[in-house]
Amino acid sequence: MSSLSLQGLRRTYSATVAVDRVDLDMAQGELVALLGPSGCGKTTTLRMVAGFVLPSAGRVLIGGQDVSRAPPYARDTGMVFQGYALFPHMTVADNVGFGLEMRRVGRAERATRIAEALRLVRLDGLAERRPAQLSGGQQQRVALARALVVNPSVFLLDEPLSNLDARLRAEVRVEIRALQQRLGLTTLFVTHDQEEALTMADRLVVMDRGRVRQTGSPEELYERPDNLFVASFLGRCNIFRGTVERPGRLRAGTAALPCDGGAPGERSALVVRPERVAIVPGEAGEGGLPGRVGLVTYLGGLTDWHIDTPAGPVLVTRPTPAEGDALRRLSPGAPVRLDWTEAAGRLLADDEHTADKHRQGDPR
Amino acid sequence: MNIWDATFWRTLVWRGGVGAVFAVVLLPMVAVVWLSFFNQEIASFPPDGYTWRWYVNAWDQKQFARGFINSLQLAAIATVIGVTAGTAAAVALVRGRFPGRTALSGLLLGPLAVPGVVLGTGLYVFFVQIDNAIDFQIVATLPGLIAAHVLLTIPWTVRLVSASLLGVTASVEEAAANLGARPFTVFRRVTLPMMRAGVVAAALFSFIQSFENLELTLLLVGPGRSTLPVEMLNYLNFRVDPTLAAVAAVQIVLIGALMLITDRFVSLSKVVS
């Protein structure tokens, strides 16, 4: 029996379909991230689990029990809201104790559990403060403690890190993950930040326009995307469009590019991750893709090379070569040859839009 | 300070303007209080001396004390009913999604736009019609008067409570529901405390509106149940001495004190602006 199960979940608003055919089974203690661009239906899905939105069709099961029509207060979920949604007129302790009070936990036990929860998020000593007297990161932890203290069957997080600055975000990310694993919480997490999703989740559900595009581990989704949307949404990629010449070769213009299989004559899109592309300086040699160095961006440990080729601009990311390496001396205009293994060239159906056509130039 | 500096003149004009507005608002009240101490019976300027006797006279006029008690009672009941109903309406208008919401909102603010005399006449005719139709007397009864005053208190409540409810993010209420609170508990423990300032301000303004209302009351009041403003108007029919100024001065002080006390608990300036 799975901890949380979504079956054919669908939600429409008059003519618009916000969420359609979402299926998901979560094991106890698993952290699943719902990932997608804004408006993809991930938040609506989360709100259907919490009970703030009723599904138009499909079912929500928590611990095997159908709660599809149950009101929010009757579902055993603990949610952390995007803006934290703390009660401004209550102290930190009263905020954290609210859920216990609603569950009619006695005063003495309540005090113990509040103290315990605050210690868990390292906020002991701030129990008597008001939310307005806390920093953003502290408010965030109060929201976590408030949701955790009631031992919910399902822990829900709605973009919990989006209001924190970058440094704090990385810190809290690790903290939430550690806490979630230690307490064995079944957690559903909504985010539009792919880095957040990749680093925290056991499994990702990539959504677009109300539909699930692919579900799988971060590695599966990054290495073996099912479609162009997932490939381009997660991480950076180079996309070449062409026709399969023979298994292992895609013809894109004048270039024959290595790819993982394919049926001859098939129109396809080839996806290659920038870090899988090798650069060979000089014009000599055969195979691969000839090109000229464009912009070179030094990122410290890594360097980005933008290479102009007959098949279009290609982004290559590599560990910054050592001083004296031939690659290090490549200046704009220099001729190079690009190559990659067949396994690194993922062949996908070329029948849909990408998450962001300009992602190649995205410095992230 | 440099008089050739544009900032100097800007500041001067700004402060002068603010001062002028305050003067226009406050001077009539100062004048009334001042007048209440004038010695002569027919007010004239300058006063030929100062006296307390108009206050003594006001105290001796038993109809003022009676009217005061009546007004207090009426305003209190109208406020309780109006603020309860108005708050409920505001919650529905701000949080609810139902057809005719805008129309209802306009309707509830309507009494603010209708002159008191018109409202009073309309209600009088309406009450008489009811009386004729089902033989149930409302004109000149306390319930009739209360019903009329509730009309004065509802628009204020709906406006002030809606404004402060807009400041309560819906997700805070959702958080409470998520933690296991049923709808009424969410309202009592989260929504109401968060919009307390608006409700208190609404109660205060409703009370003042009802307490000082003359036009509406005049047409609906029954014998022996006159409110203070009506008694003051009656007094004016026979005498024009500063006794009324003395009564008005007492009212100004009482209402001022009420506002100051309220402001200590909730910051009114924040709600009203």
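Reminder, nothing fancy here: chain letters follow the sequence lines and each chain counts from 1.
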Task: Verdict with supporting geometry, Q82(A) and S162(A), side chain to side chain donor-acceptor pair (under 3.5 Å) - done: CA-CA 7 Å; Q82(A) 189 169 8; S162(A) 60; 3.3 Å; yes
Open item on the list: If you apply the rule salt bridge (charged side-chain N to carboxylate O under 4.0 Å, His left out), what do you find for R177(A) with D202(A), and how did you get there?
Closed with: CA-CA 10 Å; R177(A) 178 61 162 159; D202(A) 296 310; 2.7 Å; yes
Task: Donor-acceptor contact present, side-chain D20(A) to main-chain R10(A), <3.5 Å - done: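 Not at all, since once roles are kept as given, no pair shorter than 3.5 Å links the two residues.
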TODO: Check side chain to side chain donor-acceptor pair (under 3.5 Å) between R122(A) and all other residues, then give those that pass, not counting sequence neighbours.
DONE: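 Listed in chain order: E175(A).
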Open item on the list: With a sphere of 6.0 Å drawn around CZ of R11(A), does it hold more than 12 non-hydrogen atoms of other residues, nucleotides or ligands?
Closed with: yes
TODO: State whether the number of non-hydrogen atoms from other residues, nucleotides or ligands found under 6.0 Å of Y13(A) atom OH is greater than 12.
DONE: yes
Donor-acceptor list for residues 200-214 of chain B side chains, cut-off 3.5 Å, not counting sequence neighbours:
unit_1  : atom_1 : unit_2  : atom_2 : d
S206(B) : OG     : T153(B) : O      : 3.4
S206(B) : OG     : T157(B) : OG1    : 3.4
S206(B) : OG     : A202(B) : O      : 2.7
S210(B) : OG     : H149(B) : ND1    : 2.7
N213(B) : OD1    : L216(B) : N      : 3.2
N213(B) : OD1    : T217(B) : N      : 3.2
N213(B) : OD1    : T217(B) : OG1    : 2.8

Task: Proximity of residues 174-189 of chain B to chain A, residues having a non-hydrogen atom under 4.5 angstrom - done: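 Counting heavy atoms that sit under 4.5 Å from chain A, the residues of residues 174-189 of chain B involved are E174(B), A175(B), A176(B), A177(B), N178(B), L179(B), G180(B), A181(B), R182(B), P183(B), T185(B), R189(B).
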Task: Proximity of residues 92-105 of chain B to chain A, residues having a non-hydrogen atom under 4.5 angstrom - done: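 If one takes a 4.5 Å heavy-atom cut-off, no residue of residues 92-105 of chain B lies near chain A.
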TODO: Check each atom of T169(B) against the heavy atoms of chain A and say whether the ones under 4.5 Å are side chain, backbone, both or neither.
DONE: neither
Task: Under 4.5 Å from any heavy atom of chain B - which part of R146(A) - done: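 Contact with chain B: backbone and side chain both.
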- [ ] Please flag which part of L86(A) lies under 4.5 Å from any non-hydrogen atom of chain B: side chain, backbone, both or neither.
- [x] backbone
Just checking, any donor-acceptor pair under 3.5 angstrom between side chains of [X] and [Y]?
X: R141(A); Y: Q138(A); answer: no
X: S68(A); Y: D66(A); answer: yes
X: S5(A); Y: D25(A); answer: yes

Task: Residue pair R169(A) / Q140(A), side-chain heavy-atom distance below 4.5 Å - done: no
